[in-house]
Amino acid sequence: MKLIGIEEHFLTTEVKDAWSAIGLEAADPSVAFHGGPLGKRLADLAEERLSLMDETGLDVQVLSLTTPSLHDLGPDSVDLARRVNDAVAEAVARHPDRFQALATLPVASPDEAALELERCVRTLGFKGTMLCGRVGHRNLDHADLLPIFQSAAALKAPILLHPRAPEKCVRDAYYSGFSPQVDAAFSCFGLGWHYDAGIQFLRLVLAGHFDRFPNLQVILGHWGELILFYAERIANIDRVSGLKQSMTTYFRRNLSVTASGIYLPHYLEQAARIVGYDRLMFSADYPYQYRPGYDARRFLENCGLDQAATQGFAHGNWDRLTEELPQSL
């Protein structure tokens, strides 16, 4: 059974240099996570990556630029985004049976980002895009960013909504007071960035994006970035939201979720209860969650789903979500 991982990351030297040029290391603690062995794996889009895919049992990786992507870069990121996307398109062309791609967007320039998404889908054959939460100090529902979502909806291109570190004032208020290493872990992969990603999705719902664009599709990693475990409480917002649909409807109509290397069957079951089995997707969150020992394939084989649901989880749901994308030229 084909196994597609839809949240698998890379990082280019040019993007790392752009982060350094604006001093992003001081503003976003997650930037420091991308060195050492992880940095080497992020940079490789060839034989070592393919070898580790084989070792864990993954047939296809959907490649995306790691967090915080280009979200803190200014208008100069338009050309940078094009170079990143062209480089990834070349990697996909070299290994079309092993790689797919999500577009990297110059989100600080929303009109140009919308055009770049269209280029990536229509010309390069990409499967959608990945966004990493706030753009500078703007949440994703900010009116300035609407062209990106309008373009995604028109193209029927899904958006993978990836975590990023909370703003410094939030980190200082809630995730500080320990050692620098503990503060960074607590505010990022320990907890903070998962809250941030879930909140960004809820902001899109509450801002009416899924009423404006009923077919807009968003994917959350890490089994729904915590919000699925409080779906019953979140549904109480229906009393005051003024939206056209219930929160439950948006969860089941506009949201898909993926594993992100968290291989826990009871998390899978909770996600399925909220969004449905046809909206579960697989991902290994390479290289961050990579573990040896045929790990990805073993979870698929022991996840507890029946044959049809397992096939959907492994690849079918992703294939169906992306089947109506415009054909590349």
Side-chain angles (χ1 to χ4, degrees), residues 5-44 63-74 77 80-81 84 102 104-108 129-140 159-201 203 219-227 258-262 283-290:
I6 70 165
E7 185 192 338
E8 320 303 327
H9 302 301
F10 70 92
L11 179 60
T12 69
T13 299
E14 187 178 15
V15 171
K16 286 185 71 174
D17 290 345
W19 290 348
S20 295
I22 64 169
L24 195 56
E25 297 92 339
D28 187 331
S30 70
V31 172
F33 303 155
H34 301 134
L38 280 179
K40 185 174 182 292
R41 288 178 177 175
L42 284 164
D44 177 72
L63 302 169
S64 54
L65 180 65
T66 195
T67 191
S69 192
L70 308 185
H71 282 235
D72 292 296
L73 304 179
S77 64
L80 176 57
V84 170
L102 297 176
T104 299
L105 300 182
V107 286
T129 189
M130 189 180 88
L131 301 179
C132 298
R134 300 179 325 281
V135 177
H137 296 292
R138 292 174 292 183
N139 290 303
L140 284 179
I159 297 172
L160 175 61
L161 179 49
H162 193 275
R164 66 164 303 176
E167 289 204 77
K168 186 178 186 303
C169 60
V170 176
R171 299 199 309 270
D172 289 345
Y174 290 100
Y175 300 105
S176 65
F178 309 100
S179 70
Q181 293 82 4
V182 171
D183 290 355
F186 188 21
S187 68
C188 293
F189 58 82
L191 189 64
W193 67 12
H194 304 296
Y195 271 120
D196 194 78
I199 287 170
Q200 292 298 322
F201 173 76
R203 290 190 65 94
I219 304 165
L220 286 175
H222 309 96
W223 295 119
E225 307 295 3
L226 301 172
I227 63 173
T258 188
S260 304
I262 302 174
S283 64
D285 199 6
Y286 180 89
Y288 305 105
Q289 292 281 89
Y290 170 75

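Keep in mind the model is a prediction, meaning the values are calculated, not measured. Along the sequence shown, the residues carry numbers beginning at 1.
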Return the NE2 to CZ distance between His71 and Arg138, rounded to the nearest 0.5 Å. 11.0 Å
Mind checking whether Ser260 and Gln289 have side chains closer than 4.5 Å, heavy atoms only? no
Would you name the heavy atoms of Thr12 and Leu65 that are closest together and state the gap between them? N-CD1, 4.4 Å
Ring centers of Phe33, Tyr288 separated by less than 6.0 Å: no
Is any side-chain heavy atom of Ser69 closer than 4.5 Å to a side-chain heavy atom of His162? no
Roughly how far apart are Leu11 CG and Leu38 CG, rounded to 0.5 Å? 10.5 Å
Donor-acceptor contact below 3.5 Å, side chain Trp19 vs main chain Val31: no
Does CZ belonging to Phe186 count more than 12 external heavy atoms closer than 6.0 Å? yes
Here the pair of heavy atoms bringing Ser283 nearest to Glu7 is CB-N, 3.5 Å
Checking Leu131, Leu70, Val84 against Leu105 for side-chain contact (heavy atoms from CB on, under 4.5 Å), the one that qualifies is Leu131
Report yes if the side chains of Gln200 and Arg134 come closer than 4.5 Å at any heavy-atom pair, otherwise no. yes
Any non-hydrogen side-chain atom of Tyr175 less than 4.5 Å from a side-chain atom of Tyr195? yes
What is the minimum heavy-atom distance between Thr104 and Ala81, and which atoms define it? O-CB, 3.6 Å
Is any side-chain heavy atom of His9 closer than 4.5 Å to a side-chain heavy atom of Thr67? no
Would you say Asp183 and Ser176 make side-chain contact, with heavy atoms under 4.5 Å? yes
If I compare all heavy atoms of His194 with all of Phe189, which pair ends up nearest, and what's the gap? NE2-O, 3.2 Å
Rounded to the nearest 0.5 Å, how far does CD1 of Ile219 lie from CD1 of Ile6? 4.0 Å
Output the distance between atom CZ (Phe201) and atom CG (Asp196), rounded to the nearest 0.5 Å. 14.5 Å
Over all heavy atoms of both residues, which pair between Leu161 and Gly133 is shortest? Give the atoms and the distance, please. CD1-N, 3.8 Å
Quick one: CD1 on Ile199 to CG on Asn139, what's the gap to the nearest 0.5 Å? 9.0 Å
Minimum heavy-atom distance Leu42-Pro287, with the two atoms named: CD2-CD, 3.4 Å
Side chains of Thr66 and Phe10: does their closest heavy-atom pair fall under 4.5 Å? no
Between Arg164 and Asp28, is a salt bridge (Lys or Arg N to Asp or Glu O under 4.0 Å) present by the stated rule, with each step listed? CA-CA 8 Å; Arg164 66 164 303 176; Asp28 187 331; 3.4 Å; yes
Donor-acceptor pair, side chain of Glu8 and main chain of Leu63, under 3.5 angstrom: no
